[in-house]
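What you are looking at is a predicted structure, and each value in this text was computed from that prediction instead of being measured. In the text below, chain A, chain B and the rest are named by the order of the sequence lines, each starting its count at 1. Side chains included, hydrogens not; waters and symmetry mates left out as well; all remaining heavy atoms used.
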Amino acid sequence: MTDIFADLMWRGLIHQTTADDRLPEWLNTGSRTVYAGFDPTADSLHVGSLLPLMMLRRFQKAGHRPIAIAGGATGMIGDPSGKSAERNLLSSDQLKANLQGIESQMRLMLDFECGATSAILVDNNDWMSQFSYVEFLRDVGKNFPVNVMLGKDSVKSRLTSEAGLSYTEFSYMLLQAYDFVHLNREYGCELQIGGSDQWGNVTAGIDLARRMHGAHLFGLTCPLLTKTDGSKMGKTESGAIWLSSEKTSPYDFYQYWVNVADEDAGKCLRFLTELELEELQELDQSRKESPHLRQSQKRLAESITTMIHGDAGLAKAKQATEIFFGAEIQALSDAELGQIFADVPSNAMAFEVLSENGYSLIDALVVSGLCKSKGEARRTITEGGAYVNNRRVGEVEAALKRENLASESMIVLRRGKKKYALLRFE
RNA sequence: GGGGGGUUACCGAAGCGGUCAAACGGGACAGACUGUAAAUCUGUUGGCUCAGCCUUCGCAGGUUCGAAUCCUGCACCCCCCA
């Protein structure tokens, strides 16, 4: 049996645990059942969920059974931890759709068919909806001293803030605590893991189980995956990075990791990949001695992209990367180009415009959406920021003609470093 | 109720009769450098049929050869006195 605790330790994945003295041994002397909660507010998980999912994965590989709980019930309420304002409530239809999407993504990382340690995905709405309000108050609420609840950081910070805290959110803790009790009773689950911001909720569950059944459960929190500047991982100017290829293309996903700052790379590698210590140290070394090679980032991007989008997804992302940052694009087929530039905006127009005098580059830049006006297009060209098939074009009066086709019917326009658009002539 | 100040381009902020498509700063966009980074440097930043023309300075009118700049009315905002 792998010493999961030691593994987590050297990776820096342990922030706080309960029963420090007994937990490591307990984990190493039998197959245990552990659980972590996930946020069902969208139909896809985003990069922020990778860490807890990886945690479950590590536990499963070490011979334990993981339970992922996508909180249909708690999702309807909203966890006040770390939130500055009341959350919008979700409709139950929306939730159902979200849970479905999330499950398919979990299958990428957890094994749901491997016998005794198969992963389980549960929805706490299944049991919470059985409760009547009065029953819940009698069985669960009775065991929660309000003075203790008021002492939790998540509550305290909101009470003093302007946004305040609704009774609903205040009760969130009870729901999550009861989840633990329920999973303990139904599945023999004895360990809850979560981010360090979940500490209050985790211990609330442990307390509740002790009061209700005299059970002794465990809790373990891992650090939050934040950048060195303190901001959250997985956010860009254009929004969150999702695991779903519909929302974030494999290329963008791959690129996100390739662009991780040097200071954050080591942590990401330790937290989000299964690379062994030896390789991690080599990468640390490489980052220090030859940062320009960015081996850490590349390894990180490869590892995570493969896990989420498979070998095919990685291959596509890398191919696109080569083209995007490569030399002139030419002699490709429509199919190849279409693949590579799948998420790039494209416009179709008549083939004939390429004949004779051709199609003015200025118009093309505007039509493609790369420039807002002809004036801007003109400027862009003058500044040297306009490219046709990755080759800079500096003449304002340039026109696109047949010989500019990169494939049977397409021309690739680019503005600046990374903004692409595809023109199709049919 | 009385008195005073403001409203300028994506944002902040100059301009106070012509040389104003409007200084300056920020942001944004390009370029150089580089590691697809950071920092730095340079350029651009209303539209077009682009050596020219057209529309912008809260809104509507007016004075003037000529207004973002002066006058009148309207709207919104701020401050002071009651």
Side-chain angles (χ1 to χ4, degrees), chain A residues 47 225-239 241 248-269 282-305 313-329 340-345 353 357-399 412-421:
Chain A
V47 163
L225 182 55
T226 50
K227 296 191 207 167
T228 310
D229 66 12
S231 63
K232 272 192 193 143
M233 203 76 207
K235 296 255 190 244
T236 65
E237 315 80 54
S238 42
I241 302 293
T248 301
S249 73
Y251 169 75
D252 286 331
F253 187 83
Y254 178 83
Q255 282 293 318
Y256 178 76
W257 299 110
V258 167
N259 282 313
V260 165
D262 291 359
E263 310 82 71
D264 301 323
K267 202 160 146 190
C268 286
L269 282 164
E282 280 170 24
L283 288 170
D284 289 346
Q285 194 69 15
S286 157
R287 212 158 54 241
K288 225 158 86 191
E289 285 166 6
S290 31
H292 58 283
L293 295 179
R294 286 176 312 128
Q295 283 174 335
S296 294
Q297 283 89 341
K298 284 176 188 161
R299 194 72 185 83
L300 176 69
E302 267 170 34
S303 169
I304 303 182
T305 307
L314 175 66
K316 254 166 63 180
K318 287 179 93 165
Q319 194 191 4
T321 300
E322 269 174 45
I323 300 273
F324 277 33
F325 294 96
E328 184 169 354
I329 300 169
I340 295 164
F341 292 91
D343 9 279
V344 151
V353 300
N357 297 329
Y359 189 54
S360 125
L361 179 57
I362 291 176
D363 288 338
L365 285 169
V366 175
V367 166
S368 66
L370 290 178
C371 294
K372 283 202 282 288
S373 69
K374 292 191 184 181
E376 193 175 284
R378 224 178 288 270
R379 250 177 268 132
T380 300
I381 299 172
T382 319
E383 290 167 349
Y387 302 78
V388 173
N389 299 327
N390 266 357
R391 174 195 251 166
R392 179 179 290 166
V393 175
E395 303 84 48
V396 178
E397 301 306 330
V412 181
L413 290 180
R414 181 178 128 207
R415 177 184 181 192
K417 276 236 166 76
K418 301 185 193 176
K419 277 189 297 263
Y420 280 87

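- Distance noted for atom P between B:C70 and B:G17: 7 Å (whole Å).
- For RNA chain B, the residues of residues 288-303 of chain A within the heavy-atom distance limit of 4.0 Å (strictly under) are A:Pro291, A:His292, A:Arg294, A:Gln297, sorted by number.
- Nucleotide B:C74 forms a Watson-Crick or G-U wobble pair with B:G58, both donor-acceptor distances falling under 3.5 Å.
- At whole-Å resolution of the value, CD1 in A:Ile381 and C1' in B:C29 are 15 Å apart.
- Under the side-chain contact (heavy atoms from CB on, under 4.5 Å) rule, A:Met233 has a single partner from A:Thr226, A:Ile241, A:Leu225, which is A:Leu225.
- Annotation: B:C71 and B:G26 have their P atoms spaced 35 Å apart (nearest Å).
- Summarising the geometry, atom CG belonging to A:Leu269 is positioned 7.5 Å from atom CD1 belonging to A:Ile304; distances are rounded to the nearest 0.5 Å.
- Judged by Watson-Crick or G-U wobble contacts below 3.5 Å, the nucleotide B:C16 has no partner.
- For B:G43, the base has a donor-acceptor partner in the side chain of A:Glu383 [N/O atoms by modelled type, under 3.5 angstrom].
- Taking 4.0 Å as the cut-off between side-chain N and carboxylate O, A:Asp264 and A:Lys267 do not count as a salt-bridged pair.
- Spacing of C1' atoms, B:G47 relative to B:U56, comes out at 10 Å, to the nearest Å.
- For B:U55 and B:C79, the C1' atoms lie 36 Å apart once the distance is rounded to whole Å.
- Only the P atoms considered, B:A14 is 14 Å distant from B:G58, to the nearest whole Å.
- Here B:U45 presents its P atom at 11 Å from CD of A:Glu376, a figure rounded to the nearest Å.
- Protein atom NZ of A:Lys418 is 11 Å distant from nucleotide atom C1' of B:G35, rounded to whole Å.
- Set against B:U44, B:U36, B:U49, the side chain of A:Thr321 has B:U36 as its closest nucleotide.
- Comparing B:G31, B:A37, B:A30 by their nearest atom to the side chain of A:Arg415 picks out B:A30.
- Nearest nucleotide to the A:Lys419 side chain, out of B:C29, B:G47, B:U36: B:C29.
- Ring-plane geometry between A:Phe341 and A:Phe324 is classed as parallel, the angle between the planes falling under 30 degrees on a 0 to 90 degree scale with a further cut at 60.
- Only the C1' atoms considered, B:A13 is 13 Å distant from B:U7, to the nearest whole Å.
- Salt-bridge formation is detected for the pair A:Glu376/A:Arg415: a Lys NZ or Arg NE/NH1/NH2 atom is positioned less than 4.0 Å from an Asp or Glu carboxylate oxygen.
- Here B:U55 presents its P atom at 19 Å from NZ of A:Lys374, a figure rounded to the nearest Å.
- Candidate nucleotides B:U49, B:U36, B:G35 were compared by shortest atom distance to the side chain of A:Asp262, and B:G35 ranks first.
- Taking 4.0 angstrom as the limit, A:Ser373 places a side-chain polar atom (N or O) nearer than this to OP1 or OP2 of B:G47.
- B:A51 atom P lies 10 Å from atom CD of A:Glu397, rounded to whole Å.
- Residue contacts shown for A:Tyr254 are absent, as no nucleic acid heavy atom lies under 4.0 Å away.
- The separation between A:Lys227 atom NZ and B:A38 atom P is 11 Å, rounded to whole Å.
- For the C1' atoms, the distance linking B:G6 with B:C57 amounts to 14 Å, nearest Å.
- Using a 4.0 Å heavy-atom distance criterion, A:Arg378 is classed as a base contact.
- Contact annotation: the side chain of A:Arg414 never approaches that of A:Ile329 to less than 4.5 Å [non-hydrogen atoms, C-beta and beyond].
- Residues A:Val366 and A:Lys417 each lie close to RNA chain B; by heavy-atom proximity, the contact nearer the 5' end of the strand is made by A:Lys417.
- Within the nucleic acid shown, A:Lys372 has no heavy atom closer than 4.0 Å to any nucleic acid atom.
- Distance CD/A:Glu397 to CD1/A:Ile381: 8.5 Å, rounded to 0.5 Å.
- Atoms CH2 (A:Trp257) and P (B:A37) sit 18 Å apart, rounded to a whole Å.
- Nucleotide B:A30 is matched to B:U42 when pairs are restricted to Watson-Crick or G-U wobble geometry with both distances under 3.5 angstrom.
- Residues A:Lys374 and A:Leu365 form no side-chain contact, since every pair of their non-hydrogen atoms from C-beta on lies 4.5 Å or further apart.
- Residue A:Gly375 is classed as a base contact, given a heavy-atom separation below 4.0 Å to a base.
- Between A:Gly384 and A:Asn259, the residue anchored nearer the 5' end of RNA chain B, judged by the nucleotide with its closest heavy atom, is A:Gly384.
- Residue A:Tyr256 places none of its side-chain N or O atoms closer than 4.0 Å to OP1 or OP2 of B:A37.
- In this structure, the side chains of A:Val388 and A:Leu413 come closer than 4.5 Å at one or more pairs of heavy atoms.
- The separation of B:U42 from B:C10, taken at their P atoms, amounts to 26 Å, rounded to a whole angstrom.
- No side-chain heavy atom of A:Ile340 sits less than 4.5 Å from a side-chain heavy atom of A:Tyr251.
- In this model, a side-chain donor or acceptor of A:Gln255 finds a partner on the base of B:U36 within 3.5 Å.
- A:Arg392 comes within 4.0 angstrom of the backbone, heavy atoms only, and of no base.
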